[in-house]
Amino acid sequence: MNQEKKQGADLSELMGRRLQKLDDLKDKGIELYKTKFIRTHKLSQIREKYVDLEAGDKSGEAVKVAGRLMAKRRHGKASFLVIKDGSATIQLYLSLNTLGDERYNLFLDFDIGDFVGVSGEVFKTRRGELSISVDDFELLTKSLRPLPEKWHGLKDIETRYRQRYADLIVNSDAKDVFIRRNKIIKAIRQFFNKEDFMEVETPMLHPIPGGATARPFITYHNALDMDLYLRIAPELYLKRLLVGGFERVFELNRSFRNEGISVKHNPEFTMLEAYQAYADYHDMIELTEKLIKKVAGEVTESKIINYQGMELDFGRPWKKMTMLESLEKIGKVKVSYEMALEELRSIAAEFEVAVDSKDGKGKIISELFEKLVESNIVQPTFIIDYPLEITPLAKTHAQNPELVERFELIMAGREVANAFSELTDPREQRRRFEKQAALRKAGDEEAQYLDQDYLRALQYGMPPAGGMGLGVDRLVMILTDSPSIRDVIIFPHMRPEAGRER
RNA sequence: GGGCGCUUAGCUUAGUUGGUAGAGCAGGGGACUCUUAAUCCCAAGGUCACAGGUUCGAAUCCUGUAGCGCCUACCA
């Protein structure tokens with residue numbers, strides 16, 4: 001039909017050939033981009049229904065199905081194709097006898113990647129492959145770009161992240177990660193609904209960023225002529241809701257931090273935060289353990305979670321130890337708040353922990369913990385009783401004024417959740433904010449801002465409460481054995497391609 | 001931000017001491033009515049990431065740039 005076909009095969013020529021084919025189809029009056037196709041079955045439904053069909057037998061049932069053309073095996077006057085829909089793949093059988101010369105060759109002229117709708121009878125080949133003997137078909141969408149190779153798939157990690165759509169078409173394990181992520185998200189919502197928590201949506205654009213120590217993204221509102229910050233945490237708004245009288249609230253959504261990108265950090269990430277009135281951090285430990293065990297049960301049968309060669313035991317009750325105990329047992333260093341600041345400094349120096357001249361005892365102890373302990377904790381462990389100095393929003397510990405009632409859940413060497421008994425005393429909160437403001441003035445860009453409206457809310461009175469935050473992406477990484485946060489964020493942040501189109 | 005490494009056809013890749021790039025899949029032509037990584041025959045497809053340099057000669061050596069990865073620093 002087209003004698004002037006180029007013989008080359010680089011991308012522009014491969015695509016050019018498909019464009020030429022598209023024009024030829026259009027000339028034949030064939031619609032290239034249909035609006036609709038009514039199916040009788042998803043492919044998985046056919047697979048389930050006919051598992052027991054004997055090889056060589058016909059089902060007697062005519063079906064209509066649709067999907068993307070994934071493989072062509074031409075075999076003279078009969079051919080086998082594979083299509084794939086959102087649920088499964090299935091083989092199509094085409095024969096010249098059934099379709100006639102023209103229709104048979106028309107179908108074989110479609111490209112891998114095209115969407116087609118077909119009708120025909122379900123049967124099993126002599127080799128036992130469930131198939132559909134096509135008696136009619138139509139093109140639903142023409143594909144112009146060649147798909148990655150069928151056997152090795154798409155391996156280039158950069159292309160997999162940049163062109164997630166291509167990754168999802170050809171790598172079923174990539175698709176599986178996001179299906180499991182969705183199950184995890186659903187399970188989290190179910191859990192909190194069942195525990196009588198109300199899901200809320202608080203602002204993502206904050207006039208004052210708060211609730212965490214992190215650098216924010218700054219944006220600008222034209223009509224109001226003011227800077228706004230993308231939230232670094234929803235914490236302060238959720239606690240305002242406790243003041244308002246909601247006793248159990250949670251939010252499951254994005255926060256944003258303007259910091260380095262790594263295997264554990266994406267500029268936008270999904271965080272869960274939950275607040276419960278009349279509860280303290282011990283209650284939050286119970287809640288957190290129950291939540292994560294429930295969620296893990298939704299995506300895996302086993303109580304043992306394999307993560308990057310580590311075996312995490314989710315079955316037994318999880319260990320608890322104070323930060324000081326963990327430093328002694330795991331970090332093999334004995335420290336205490338009774339020690340002189342100078343003594344702690346020299347211990348830090350001994351372990352090559354960088355210490356700033358402004359750092360107090362609490363900061364040094366937490367730096368030692370991060371350097372010597374955190375990465376060595378594999379099994380799920382609650383580390384409790386954090387230094388007050390690094391935790392401006394938590395209630396002072398009942399027994400020790402240097403500490404706050406806080407825990408972090410550590411597993412696989414990393415922090416998964418963080419919780420505390422919330423600080424409800426507005427005058428104490430003001431003093432803590434003022435200390436943070438002083439740090440900011442001294443050049444600490446991550447120190448927290450003084451939020452007058454939050455203090456006003458606390459002045460009305462906030463009930464005692466426990467609060468918990470959980471890095472959802474990191475939990476999904478562990479539950480899907482993914483080495484990078486980019487494997488569990490469906491469109492991870494990437495630098496621009498700079499005109500290098502592929 | 002710092003250090004190290006990677007980048008070859010649409011995809012997956014080979015490439016020796018520097019001598020001018022070799023496959024498989026996909027795509028094109030042909031054979032084939034139960035194949036399934038179908039098979040067989042034929043022909044094609046490369047700015048070796050980009051820009052400089054060294055050299056008679058560079059995918060290969062050197063410098064710079066970009067993207068990506070790993071480690072490290074900051075953080076969740």
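Every chain is numbered from 1, with letters handed out A, B, ... down the list of sequences. Owing to the predicted nature of the structure, the values given are computational and were not obtained by experimental measurement.
Contacts with RNA chain B (heavy atom under 4.0 Å) in residues 73-86 of chain A: A/Arg73, A/Arg74, A/His75, A/Gly76, A/Lys77, A/Ala78, A/Phe80, listed by number.
Distance noted for atom P between B/rA26 and B/rU12: 15 Å (whole Å). With C1' as the reference atom, B/rC42 and B/rU55 are 41 Å apart, rounded to whole Å. Taking atom C1' on both nucleotides, B/rA43 is separated from B/rA51 by 36 Å, rounded to a whole Å. Taking atom C1' on both nucleotides, B/rU7 is separated from B/rU65 by 14 Å, rounded to a whole Å. Across B/rA58 and B/rG19, the matching C1' atoms stand 10 Å from one another, rounded to whole Å. Nucleotides B/rU17 and B/rG5 have their C1' atoms positioned 23 Å apart, rounded to a whole Å. For B/rC11 and B/rG3, the P atoms lie 31 Å apart once the distance is rounded to whole Å. Between B/rA21 and B/rC25, the distance separating the two P atoms is 23 Å to the nearest Å.
Position along RNA chain B of the nearest nucleotide to A/Tyr93 versus A/Glu415 favours A/Tyr93 as the more 5'-ward residue. Mapped onto RNA chain B by nearest heavy atom, A/Ile157 and A/Pro267 fall at different nucleotides, with A/Ile157 at the one closer to the 5' end.
Atom CZ in A/Arg164 sits roughly 14 Å away from atom C1' in B/rC68 (whole-Å rounding). For the pair A/Asp10 CG and B/rA43 P, the interatomic distance rounds to 20 Å; values are reported in whole Å. Summarising the geometry, the separation between CD on A/Gln163 and P on B/rG67 is reported as 17 Å, rounded to the nearest angstrom. Protein atom NE2 of A/His152 is 17 Å distant from nucleotide atom P of B/rA23, rounded to whole Å. Distance A/Ile112 CD1 to B/rA37 C1': 12 Å, rounded to the nearest Å. Following rounding to the nearest Å, A/Trp151 (CH2) and B/rG27 (P) show an atom-to-atom distance of 17 Å. For the pair A/Met15 CE and B/rG45 P, the interatomic distance rounds to 20 Å; values are reported in whole Å. Look at CG on A/Asn171: it is 14 Å from P on B/rC11, rounded to the nearest Å.
A salt bridge is absent between A/Lys124 and A/Glu129: the closest approach of a Lys/Arg side-chain nitrogen to an acidic carboxylate oxygen does not fall below 4.0 angstrom.
Backbone-only engagement by A/Gly153 is indicated by non-hydrogen atom pairs under 4.0 Å involving sugar-phosphate atoms exclusively. No contact: A/Asn258 has no heavy atom under 4.0 Å from any strand. A/Thr213 comes within contact range of the sugar-phosphate backbone alone, with a heavy-atom separation under 4.0 Å but no base atom that close.
Here the side chains of A/Val404 and A/Arg432 are in contact, with some heavy-atom distance below 4.5 Å. Residues A/His41 and A/Glu61 form a side-chain contact, since some pair of their non-hydrogen atoms from C-beta on lies under 4.5 Å apart. Side-chain contact between A/Ile330 and A/Leu372 is absent, with no heavy-atom pair separated by less than 4.5 Å. In this structure, the side chains of A/Val134 and A/Tyr93 stay at 4.5 Å or more apart for every pair of heavy atoms.
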Under 3.5 Å between N/O atoms: give me all the protein pairs with nucleotides 70-72 of chain B, atom names plus distance.
none

Each nucleotide N or O in nucleotides 2-4 of chain B that has a protein N or O under 3.5 Å away: list the pair and distance.
none

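For A/Thr125, whose side chain is taken as the heavy atoms from C-beta onward, the closest listed nucleotide among B/rA26, B/rC68, B/rU35 is B/rU35. Of the candidates B/rC34, B/rG10, B/rC11, B/rC11 carries the atom nearest the A/Leu154 side chain, counting heavy atoms from C-beta on. Closest to the side chain of A/Asn97, from the set B/rG67, B/rU33, B/rA37, is B/rU33. Here the nucleotide nearest the side chain of A/Glu149, chosen from B/rA37, B/rU33, B/rC11, is B/rC11. Distances were taken from every side-chain heavy atom of A/Leu14 (C-beta onward) to each of B/rU35, B/rG10, B/rU13; the shortest belongs to B/rG10. Comparing atom distances between the A/Arg126 side chain and each of B/rC34, B/rC74, B/rC68 picks out B/rC34 as nearest. With distances taken from any side-chain atom of A/Arg486 to the nucleotides B/rU36, B/rG69, B/rA37, the minimum falls on B/rG69. Comparing B/rU12, B/rG1, B/rG28 by their closest approach to the side chain of A/Arg17 singles out B/rG28.
Both distances falling under 3.5 Å, in either a Watson-Crick or a G-U wobble arrangement, occur for no nucleotide opposite B/rC32. Searching all strands for a Watson-Crick or G-U wobble partner of B/rC50 with both distances below 3.5 Å returns B/rG64. A 3.5 Å limit on both hydrogen-bonding distances identifies B/rC4 as the Watson-Crick or G-U partner of B/rG69. B/rA26: no Watson-Crick or G-U partner with both key distances under 3.5 Å is found in any strand. Across all strands shown, B/rA14 forms no Watson-Crick or G-U wobble pair with both distances under 3.5 Å.
Interatomic distance, CZ of A/Phe250 versus CZ of A/Phe197, reported as 9.0 Å (0.5 Å rounding). Atom CZ of A/Arg414 and atom OG of A/Ser375 lie 10.5 Å apart (nearest 0.5 Å).
OP1 or OP2 of B/rG67 lies within a sub-4.0 Å distance of a side-chain N or O belonging to A/Arg495. A close approach under 4.0 Å does occur between a side-chain nitrogen or oxygen of A/Arg162 and OP1 or OP2 of B/rC68.
For A/Tyr104 and A/Ser79, the side-chain atoms include at least one donor-acceptor pair closer than 3.5 Å.
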Next on the checklist: Let's go through A/Glu445 and A/Arg215 carefully: what are the C-alpha distance in whole Å and the side-chain angles of both, what is the deciding distance for salt bridge (Lys or Arg N to Asp or Glu O under 4.0 Å) to 0.1 Å, and is it a yes or a no?
Outcome noted: CA-CA 6 Å; A/Glu445 283 187 71; A/Arg215 286 191 352 231; 3.8 Å; yes

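Here the side chain of A/Lys320 pairs no donor or acceptor atom with the backbone of A/Ile285 at under 3.5 angstrom. Looking only at distances, a side-chain donor or acceptor of A/Asn266 sits under 3.5 Å from a matching main-chain atom of A/His493. Side-chain atoms of A/Gln163 never come within 3.5 Å of backbone atoms of A/Arg160 as a donor-acceptor pair (strictly under, hydrogens ignored).
Relative to the six-membered ring of A/Tyr386, A/Arg406 meets both conditions, a distance below 6.0 Å and an angle of at most 45° to the axis. Geometrically, A/Arg231 does not engage A/Phe256 in a cation-pi contact, judged by NZ or CZ lying under 6.0 Å from the ring centre and within 45° of the ring axis.
Between the side chain of A/Glu158 and the base of B/rU7 there is no donor-acceptor pair of N/O atoms closer than 3.5 Å.
Checked options A/Val82, A/Thr89, A/Leu147; the residue passing with A/Arg68 is A/Leu147 (criterion: side-chain contact (heavy atoms from CB on, under 4.5 Å)).
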